[in-house]
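For reference, the structure is listed below as structure tokens.
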Amino acid sequence: MAVRVRVPLAALSKNLLIMRKNLILAFAASSLLILSSCSKLGALSADNFTVTPSPLETVGNQVPVTINGAFPEKYMKRNAVVTVIPELRSTTGDKVIARGQSATFQGEKVMGNDQTISYRMGGHYTMKSDFTYQDALQKSDMYLTFDARLGNKKVTIPAVKVDYGIITTSQLYKRALMNAGGCIAPDSFQRVKEQKQEANIKFLVNQANLRKSELKNNSVQEFVKLLKKINTDREGLNMNNVEIQAYASPEGGFKFNDKLANKRQDTSEDYVNQQLKNAGLKTGIDAHYTAQDWDGFQRLVQASNIQDKDVILRVLSMYKDPEEREQQIRNMSEGFRELADGILPELRRSRLIINYETIGRSDDEIKAQYQKDATKLSADELLYLATLEDNNAEKENVYKAAANYYDKDYRAYNNLAVLAFNQGDDATAKSYIQQAFEKKADAPEANANLGMMALKNGNLQEAENYIAKATDANGVNQALGNLNIAKGNYAQAEENFKDSYNNSAALAQILNKDYAAAKATLNNIKNPDGLTSYLHAIASARQGNKYAATSYLKEALQKDPSLSNYAGNDLEFEAAK
């Protein structure tokens, strides 16, 4: 039998109210949980990103980076917009040094043009960015920061540290320029110079005899005078030989012209032998003749003012057979008086050529003359003397003497600028370069040096403008090589430095990953310095030779303590530490 329990109406109402209240609270809590999960985006970790290269590395004056990222499943809310911003910060993380280019991503319900990321599946992406290099970046960490919104509401995603440090080896070109940069304007001094002097003797048509009037012309008189001078100045002049070239004009028959030109050679040779005997000289004579001087004919006609010269040459070029060509020349010479009177007589000749050498002062004689009376030295001898000096102070004195005695010559001023540049005195260097331009407005070496000064200060566009004006400069490839390092064109830089043995050349080879070549270059540098040892250390480290890297690094810092701060932050030696 069922027992009925009577519940007071008041109590029942109270229980219902409690149950309703609890249900409302539970529903509210559930709604709050749902709403709170939709009102924010979670944190991301370094595991969501891959950075290439790692560590970062300067290429020219930029620090390029490729970021491969992944948004996890159910991360990108359908109304979310997230902008990823790469930053380089101080190692404490509290100071932003540089920002790179950003990339923006959107949820599936956002009406925009950015890459859409699925809420359910998540998504991968690749973004590229770069930073303009500054020295403060060598010791820095890379962070990704986020500008995120859900609808119109800004939300916070914590920044993520994704990489650390930058390899800045390409920037060492600036230090290489400080130590040994500059284009020296060259001297043209040669102790022994090959020289020629030529005399011309003309013959009458169909004749081979030497006329007195021809032997009195200026070229023949100068020929005879030089023979005598060579005999009296055996220390300053040296005879090699005399060359004789005899010719007949091309309008006669070949057999006749062959005999005629041969006779002209013989009479000319007899004359030269007599003059050598008179001058007391003995030397070889190289004598030969040309029966029909067709090449000379073409050259003289082309250089003439004959109105139809192009027609004449075109017609004659159609005849390959010498006899047919001769006939055409005879025919034309009847119609063109210029050929008969102005061209053909010039081809009936002998050329007498003295091949000799001038012998200048020896190195010791130049040094002695400089000490005795520097004004007696030529500009080229003074510039050459400077190349013999190893001491920069002595070089400077010689260049100043050259600038003083030959103040219209730009070269000494330019070279003084190079010395000042290598000593880090840019103001003095620019002053000397300005003086060089006053002597020669387009002085190529001066332009190249201004370009390298701009490079040292990181002004690539200015450097490129100056170097473009220096294509004829002595040593311009040194400027081009450093410019290409600064621009990140390492293969071209290595080619620019071909057959050069200096720190910049070795740096180009290291950056182009040609480590064996870099080692060979470094071993052949005439005056190695601290940077030479430092580059040895980098090449050794990249080849995996920790012992050699450590040894060379220690040597570099002993030679040049100013490298210490840079080396302390250099990731090239991270594995060797």
Could you check whether Lys439 makes a cation-pi contact with Tyr413, meaning its NZ or CZ is under 6.0 Å from the centre of the six-membered ring and within 45° of the ring axis?
yes

Cation over ring face, Arg89 and Tyr143, 6.0 Å, 45°
yes

Are the ring centres of Phe105 and Tyr125 closer than 6.0 Å?
yes

Hey, would you say the Tyr432 and Phe437 ring centroids sit under 6.0 Å apart?
no

Search all heavy atoms of [X] against all heavy atoms of [Y] and return the closest pair with its distance.
X: Ile157; Y: Val82; answer: CD1-CG1, 4.2 Å
X: Ile366; Y: Glu381; answer: CG2-O, 4.1 Å
X: Arg411; Y: Pro186; answer: NH1-O, 3.0 Å
X: Ala567; Y: Leu557; answer: CB-CD2, 4.2 Å
X: Ala548; Y: Asn545; answer: N-OD1, 3.0 Å
X: Gln369; Y: Leu377; answer: CG-CD2, 3.6 Å

CA sep, side-chain torsions, deciding dist, call: Glu57, Arg542, salt bridge (Lys or Arg N to Asp or Glu O under 4.0 Å)
CA-CA 14 Å; Glu57 183 172 1; Arg542 290 194 177 194; 3.5 Å; yes

Side chains of [X] and [Y]: is there a donor and an acceptor less than 3.5 Å apart?
X: Asp514; Y: Gln509; result: no
X: Ser362; Y: Asp364; result: no
X: Asn414; Y: Glu445; result: no
X: Lys519; Y: Ser540; result: yes
X: Ser170; Y: Thr58; result: yes
X: Thr91; Y: Lys139; result: no

SB check [X] [Y] (cutoff 4.0 Å):
X: Lys456; Y: Asp426; value: yes
X: Lys487; Y: Glu464; value: yes
X: Lys395; Y: Asp390; value: no
X: Arg175; Y: Asp529; value: no

Could you give the side-chain donor-acceptor pairs of residues 492-499 under 3.5 Å, partners two or more places apart or in another chain?
| residue | atom | partner | partner atom | Å |
| --- | --- | --- | --- | --- |
| Glu494 | OE1 | Asn512 | ND2 | 2.7 |
| Asn496 | OD1 | Asn484 | ND2 | 2.8 |

Would you mind telling me which of Asn503, Asp560, Asp570, Thr169 makes a side-chain hydrogen bond (donor to acceptor under 3.5 Å, both in side chains) with Tyr534?
Asp570

Indicate every side-chain donor-acceptor pair of residues 471-481 with a distance under 3.5 Å to a residue at least two apart or in another chain.
| residue | atom | partner | partner atom | Å |
| --- | --- | --- | --- | --- |
| Asn474 | ND2 | Ile184 | O | 2.6 |
| Gln478 | OE1 | Asn502 | ND2 | 2.8 |
| Gln478 | NE2 | Ser500 | OG | 2.9 |

Check each of Asn68, Thr104, Ile67 against Met127 using the side-chain contact (heavy atoms from CB on, under 4.5 Å) test, and report the only one that passes.
Ile67

Mind checking what makes ring pair (Phe, Tyr, Trp, His ring centres under 6.0 Å) contact with Phe189, not counting sequence neighbours?
Tyr384

Do [X] and [Y] make a side-chain contact, defined as non-hydrogen atoms from C-beta onward lying under 4.5 Å apart?
X: Ile85; Y: Leu144; answer: no
X: Leu41; Y: Tyr75; answer: yes
X: Val162; Y: Asp141; answer: no

Test salt bridge (Lys or Arg N to Asp or Glu O under 4.0 Å) on Arg78 and Glu108 and set out the steps.
CA-CA 5 Å; Arg78 291 180 173 85; Glu108 295 163 303; 3.5 Å; yes

Under the side-chain hydrogen bond (donor to acceptor under 3.5 Å, both in side chains) rule, what do Asn79 and Lys109 come out as? Steps first, then yes or no, please.
CA-CA 5 Å; Asn79 65 336; Lys109 289 187 176 181; over 6 Å; no

CG of Leu460 to CG of Leu483: how many Å apart, nearest 0.5 Å?
6.5 Å

Find the distance between OG (Ser54) and CD1 (Ile167) and round it off to the nearest 0.5 Å.
9.0 Å

